[in-house]
Each structure stands twice: as structure tokens, then as C-alpha cells.
Protein chains: 2
Amino acid sequence: MQEYEKIFRDFLKRRGLKLTEPRKLILDAAFSVHHHFTVEQLFRLVKAESSLVSLATVYRTLPLLIEAGLLQQSMRSSSRDSFEHILGHPRHIHWICETCGAVIESDLDEVKPIVESDAERFKFELREIKLNVIGLCWKCKQSENNLQ
Amino acid sequence: MQEYEKIFRDFLKRRGLKLTEPRKLILDAAFSVHHHFTVEQLFRLVKAESSLVSLATVYRTLPLLIEAGLLQQSMRSSSRDSFEHILGHPRHIHWICETCGAVIESDLDEVKPIVESDAERFKFELREIKLNVIGLCWKCKQSENNLQ
DNA sequence: AGACTTTTTGAGAACAATTCTCAAAGGAGT
DNA sequence: ACTCCTTTGAGAATTGTTCTCAAAAAGTCT
């Protein structure tokens, strides 16, 4: 059994909930993608495995996966939230290109201690750091220059 | 005339657009609030001044204010985007309490140079840094402890 | 001021993402 | 098999946002 499955099963049991077939399919689909995905995309993946799972169930399962600590909401683009799994895959910075929409990732190692010490100062119990940087990726920067 | 009005007027002129009464009312309302606001809240403020401005116009004006550099989209909570004005008010960190929804702000000064040097490394043209920290504010942390 | 051109507007319809409803099905424990 | 919850699919409902369009307003030129 995959580690994530065990984690989810335990989480559900603690809550008196069940690891059903649809939930398992959604879980596997979420872990089959190694980058960000929207609800729509996740639904299509699940459907490819078994057309029996409904979109409503995907929407219902997502918050459970997040509460279980398996997924995180990663960002929002063109009015769609997107998600990604985070098992052994710590929070990172998202560099989002305004022009082409590309997302580059880098680690948070340098920023994290600063935020942590601020948190201590504010007596804030830190659970999650979301750092998104908006701008222009080098490709788009280049082609923008070429136009001028 | 307020500085923000001048900035907006100039911005509009450059684009061949006009500073109309509804736009001015929306602009003033946005600058009358010194914290985050949702579209809904802004609309209610504007309406209190003059019931003639429609919600559609608020939605239409917001992107102009952002492009003019007067407003920024600050974060998203319970599926609503929220905004804030940024004149002489640089980007900051948002500390968002999961339990009570309170938002504390602090400055980005320590984090900014790190992100800037990363940006340079990636040849990324940095336009905006969004840093949101999710967790528990000290009040909620305290009352949570008291329950146990 | 009047005529002309372009932008802007309000109001409500349209749209898209998300949530809700509810009757039927499924699971776990006995 | 029986009971008690939980879960589900399907579509309806809801909500935030965008679009449409005819009428109004603003700016320009004469």
C-alpha cells in the first residue's frame, strides 16, 4: 500500500469516515500528477480510470485530502484554484509568469527561517507559507524585448 | 486633488479613457478603506455615497485601478478575492488566522532581497511578491489551549 | 451651442465554478 | 441479515464574475 493511502485511511478512521472506492480513485489520481492541477483536470483523470465517480465527489474529497495533510491548495489562475500533493515535497515558491502562465518552482529554505522568526515574534502558530511571485519569465521577457 | 486621483486621471488619459463620476466614486471609496475589502464591500461603500453606481461598473473599474498601480489584489478568502490600495504602502506579508479570519500585516523587508536575488538567478522579471502565512493568531491559539 | 464620435453606463441576462439536495446505495458492526 | 451511519451520483441551486446592449455622457471640432 502506498504511504499516502495509509495516511488517508488513518485520517478517515480517526474521523469515523471510510476509504471508499471513489475516494481511493481520487487519491490515486491526485498522486499520479506531479505538478499542479485544477479540479477539472483531476476529475478528468479520475474519470479516465472509472467513469463512475462524479464531480461532486471530487469536490467533496479535496478538502479531506487537504485536512489530511496530503494536498495543498497551491495557487489560483484564471479564476480556478489549483492543487498539488505535498507528501515529502515541502512548500515551495511559485514563480508565475504573467504572460505565458508558466509556473517555475524553487525552494523556500532561505525565506522560511525569516517567516518563522516573525511568527514567533507575533506569537502566531505558523501552519503554511504561501509565496507566489508574479512577473515575467525569461522567455517572455526576451520575446517582449524583441518586439521593441 | 488627492494624489491618487491625479495618478488615476493620468493613467486614464494615457489610455484615452475618462475619469467619470462613477469611476471617481469607486476610486474614493477604495481609498477610504485602510484595509482589505471585497468587491461586495466596495460596492456597498460606493452605493452609500451614490446609489447610481452599478456593481458591473465596480467590476469594470477594479482592473483599471490595479493597472494604474493604485490597488492590488491582496488575497482570497472564502472564495472572494480581496483588494487593498497600495499608494505609499508597499507590499506586505499577510498573516491569516485560520480560525477567526483575522489578518495581520507585517513588512516584507527581510524577505524581499532574498526573492529578488532568486529572481535574478532565474532571469525572472519580478513584478509582485505575494506572501501569505496561514496559521493561528495568538488569540485563537490561546482559546484553543484553554479548551483542552 | 450643436453635431459627431467614442467611451461609459446600468440593468439584467449569461456564465462558470462550486455547493447543496435527496433518494438510493454501501460499509461496518452486530 | 439487520441496523445505523456514511457516501454517492445527478442534477438543481447558488454565487461570484463577465457580458450585452441600448441609452447617456464626455470630448472634440466647428
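Sequence lines set the chain letters: A, B, ... in the order given, protein chains first and strands last, and positions in each chain run from 1. All values below were derived from every heavy atom in this structure, side-chain atoms included, with hydrogens, water molecules and symmetry-related copies excluded.
Salt bridge A:Asp28/A:Lys24: present, at least one basic N to carboxylate O contact under 4.0 Å. Salt bridge A:Asp10/A:Arg14: absent, no basic N to carboxylate O contact under 4.0 Å.
Considering only residues two or more places apart in sequence or on other chains, A:Arg9 meets the salt bridge (Lys or Arg N to Asp or Glu O under 4.0 Å) condition with A:Glu5. Residues satisfying the salt bridge (Lys or Arg N to Asp or Glu O under 4.0 Å) criterion with B:Glu98, sequence neighbours excluded, are A:Arg127. Residues satisfying the ring-ring contact (aromatic ring centres under 6.0 Å, His included) test with B:His34, not counting sequence neighbours, are B:His85. The ring-ring contact (aromatic ring centres under 6.0 Å, His included) test applied to A:Phe124 returns B:Trp95, not counting sequence neighbours.
Residues of residues 4-13 of chain A having a heavy atom closer than 4.0 Å to DNA chain C: none are found.
Residues A:Leu64 and A:Leu70 have side chains not in contact (no heavy-atom distance under 4.5 Å, counting atoms from C-beta outward). Proximity of B:Leu65 to B:Phe11: side-chain heavy atoms (C-beta onward) are nowhere separated by under 4.5 Å.
The interatomic distance linking B:Leu64 (CG) with C:dT7 (P) rounds to 13 Å, in whole Å. Between B:Leu17 atom CG and D:dA25 atom P the separation is 19 Å, expressed in whole Å. Between the CZ atom of B:Arg15 and the C1' atom of C:dT7 there is a distance of 14 Å, given to the nearest Å. The distance between atom NZ of B:Lys47 and atom C1' of C:dT9, rounded to the nearest whole Å, is 16 Å. What separates CZ of A:Phe43 from P of D:dT8 is a distance of 14 Å, to the nearest Å.
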(message) Could you go through B:Thr57 and B:Val46, starting from their C-alpha distance and side-chain angles, then the distance that decides it, and tell me whether this counts as side-chain contact (heavy atoms from CB on, under 4.5 Å)?
(response) CA-CA 11 Å; B:Thr57 301; B:Val46 175; over 6 Å; no

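For C:dT7, neither phosphate oxygen OP1 nor OP2 lies less than 4.0 angstrom from any side-chain nitrogen or oxygen of B:Arg23.
Residues in residues 50-59 of chain A take part in no salt bridge (Lys or Arg N to Asp or Glu O under 4.0 Å) pair, two or more places apart or across chains. The salt bridge (Lys or Arg N to Asp or Glu O under 4.0 Å) contacts involving residues 48-63 of chain B comprise nothing, where partners must be two or more places apart or lie in separate chains. Contacts classified as side chain to side chain donor-acceptor pair (under 3.5 Å) and involving residues 64-74 of chain B (residues at least two apart or in different chains) are given here: B:Arg15-B:Glu67, B:Gln72-B:Glu84, B:Gln72-B:Arg91, B:Gln73-B:Asp81, B:Ser74-B:Ser82.
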Please tabulate, for the side chains in residues 130-138 of chain A, all donor-acceptor contacts under 3.5 angstrom to protein atoms that are two or more places apart in sequence or on a different chain.
{"residue": "A:Asn132", "atom": "OD1", "partner": "A:His94", "partner atom": "ND1", "Å": "3.3"}

(request) Treat primed atoms plus P, OP1 and OP2 as sugar-phosphate and everything else as base, then score nucleotides 24-30 of chain C 5' to 3': B for base contact with protein heavy atoms under 4.0 Å, S for sugar-phosphate contact only, - for none. (result) --BB---

(request) Assign a letter to each nucleotide of nucleotides 10-21 of chain D from its 5' end: B, base within under 4.0 Å of a protein heavy atom; S, sugar-phosphate only; -, no contact. (result) BB----SBBBB-

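Helix bend of the helix from C:dA1-D:dT30 to C:dT30-D:dA1: the angle between its two end axes, each built from five pairs, comes to 30° after rounding to 10°.
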